[in-house]
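What you see is a predicted model, and the numbers here were worked out from it, not measured in a lab.
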Amino acid sequence: TVDDVIVLDPGLTPVAVDSVMVLPPSPVMVVEEFEVTPPNLVLNGDAFVDGGDLVLTEDSSQVSGSAFFEPIAGGPVVTFSVTFDFRMDPPLSEGEGEFFDAGNGITLSILDSATDTPDGLFDAGEQRSFHIGMPTSNGFSFNIELDTLNNENAGVDPDDNHVGLNLNGDPNSLLTVDPLVDLNDGFTHTAVLDVVGGLLSFSLDGTPLFVDEPIPGFHPLNPLIGFTASTGGAVQRHVIERVDIELTPLADTQFLISCPEQSDLGVYQIGIGPGILDAQTDLPMDQDEDGVPGQVGDSFLGTIEIIPLD
């Protein structure tokens, strides 16, 4: 609001302000259809790119794979979206024991690049067969699981066809929901994840499954965005066909401040906040980053110089 913006002229006299506008930062976008292996994609375990498909696991038992994009944003974000097309091909061969008809499923995994690396989740040849190859992060992470195996003996799954929200690699989901489609039908499905200021929404084939669900422990981060899958004793080809990623960095936020009268040339001091609500989180500013927003010390102080046009 105008009341939370103070402009002082070179003589430190307040200058009237009649409007303040937040100029939205420029988003960073990535679109991949996997005709070739993208240079910023790190493949781990048994994952590979095969002419238009990112294959996380081939049709074999006891295989697992992951693929993570290197950090895409130039700085921390709290607003981003991931749209991806996936399919789980019906198995061509039998697995071990009773699990021959489906693999474990796929996760969309979001990790903090400050504490994890895109190649640190799998060692070469390592088998993470339990629970979709979900990564155990060194810090904060969350996962959307597209789960097609009921780990009822471990007590972590309601059935063999559900979507879950998981935190920090814990196989016990915070939330689960019926996807209203058969995830394991061999057809292409489109999923959309939207994160805005620590609230998560997720839809599948246009149907909302999670809406504005809070993510415990969420904070601004430069995310590692990737996918994991595993088969365990079953067999399944887990495929990502396309991914669209859009992130809105915090660092690029700009303000347009308008004054009712023409200003003289010179250096002006500017103070913003602390009562202004951050456009990304809808919380008061936390300029000193002590975790307590809206304090007097959270005002942004800076200078601008008005110079003649060339």
Side-chain angles (χ1 to χ4, degrees), residues 56 64 66 68 76-84 86 88 102-116 121 128-184 189-230 232 238 240 245 247 280-283 291:
L56 298 170
S64 57
S66 75
F68 278 82
V77 303
V78 295
T79 300
F80 60 92
S81 66
V82 183
T83 301
F84 63 100
F86 71 92
M88 303 185 199
N104 290 357
I106 294 172
T107 76
L108 165 62
S109 294
I110 311 296
L111 296 93
D112 190 345
S113 62
T115 54
D116 284 294
L121 305 174
R128 293 183 61 92
S129 61
F130 178 68
H131 216 80
I132 327 182
M134 188 180 298
T136 302
S137 60
N138 294 314
F140 170 80
S141 69
F142 67 93
N143 320 86
I144 296 291
E145 63 169 22
L146 307 167
D147 199 336
T148 56
L149 179 67
N150 187 358
N151 286 291
E152 57 185 349
N153 59 328
V156 296
D157 289 327
D159 53 42
D160 61 359
N161 190 69
H162 62 272
V163 174
L165 170 61
N166 296 61
L167 191 67
N168 301 328
D170 186 347
N172 293 280
S173 300
L174 297 176
L175 301 167
T176 60
V177 65
D178 184 344
L180 305 179
V181 298
D182 182 359
L183 297 172
N184 193 36
H189 298 281
T190 299
V192 180
L193 168 72
D194 288 306
V195 175
V196 179
L199 298 178
L200 174 150
S201 297
F202 183 78
S203 65
L204 185 60
D205 294 336
T207 300
L209 300 181
F210 298 135
V211 178
D212 291 340
E213 295 290 348
I215 310 171
F218 183 83
H219 58 270
L221 75 166
N222 192 353
L224 295 170
I225 298 173
F227 303 91
T228 74
S230 66
H238 296 96
I240 306 297
I245 301 171
L247 308 99
Q280 302 291 335
T281 65
D282 202 33
L283 295 173

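- The shortest side-chain heavy-atom distance between V78 and F218 falls under the 4.5 Å cut-off.
- From E213, atom CD reaches atom CG of L200 across 7.5 Å, with rounding to the nearest 0.5 Å.
- T79 places no side-chain N or O within donor-acceptor distance of the main-chain N or O of V196, the cut-off being under 3.5 Å.
- Checked by atom type, the side-chain pair S230/N104 shows a donor-acceptor distance below 3.5 Å.
- With sequence neighbours excluded, the residues that form a side chain to side chain contact (heavy atoms under 4.5 Å, CB included) with V177 are V163, L209, F210.
- If you take CG on L193 and CG on L204, they are separated by 12.5 Å, rounding to the nearest 0.5 Å.
- Looking only at distances, a side-chain donor or acceptor of D178 sits under 3.5 Å from a matching main-chain atom of L180.
- Heavy atoms only, all atoms of each residue included: S109 and T228 are closest at OG-CG2, 4.1 Å.
- Taking all atoms of both residues into account, the shortest heavy-atom contact from P76 to P220 is CB-CB, 3.9 Å.
- No donor-acceptor pair closer than 3.5 Å links the side chain of N161 to the backbone N or O of P179.
- Taking CG from L247 and OG from S81, the interatomic distance works out to 7.5 Å, rounded to the nearest 0.5 Å.
- The aromatic rings of F84 and F202 are tilted relative to each other, their planes meeting at an angle between 30° and 60°.
- In this view, F142 satisfies the ring pair (Phe, Tyr, Trp, His ring centres under 6.0 Å) rule with no residue, not counting sequence neighbours.
- A heavy-atom distance below 4.5 Å is not found between the side chains of D159 and T176.
- The shortest distance between side-chain heavy atoms of P223 and V195 does not fall below 4.5 Å.
- Between the S113 side chain and the N222 main chain, a donor and an acceptor come within less than 3.5 Å of each other.
- Proximity of D116 to S141: side-chain heavy atoms (C-beta onward) are nowhere separated by under 4.5 Å.
- Two residues are said to be in side-chain contact when any heavy atoms from C-beta on lie closer than 4.5 Å; I110 and F140 fail this criterion.
- Side-chain contact between H162 and E145 is present, with at least one heavy-atom pair separated by less than 4.5 Å.
- Atoms OG1 and NE2, from T148 and H238 in turn, are 5.0 Å apart once rounded to the nearest 0.5 Å.
- Between A229 and L56 the shortest heavy-atom distance is CB-CB, 3.7 Å.
- Between the side chains of T190 and D205, not a single donor N or O lies within less than 3.5 Å of an accepting N or O.
- Here the CG-CG distance, from N184 to L146, works out to 11.5 Å after rounding to the nearest 0.5 Å.
- To the nearest 0.5 Å, atoms CG (N143) and OG (S173) are separated by 9.0 Å.
- A 4.5 Å side-chain heavy-atom check between D160 and L149 finds every atom pair outside the cut-off.
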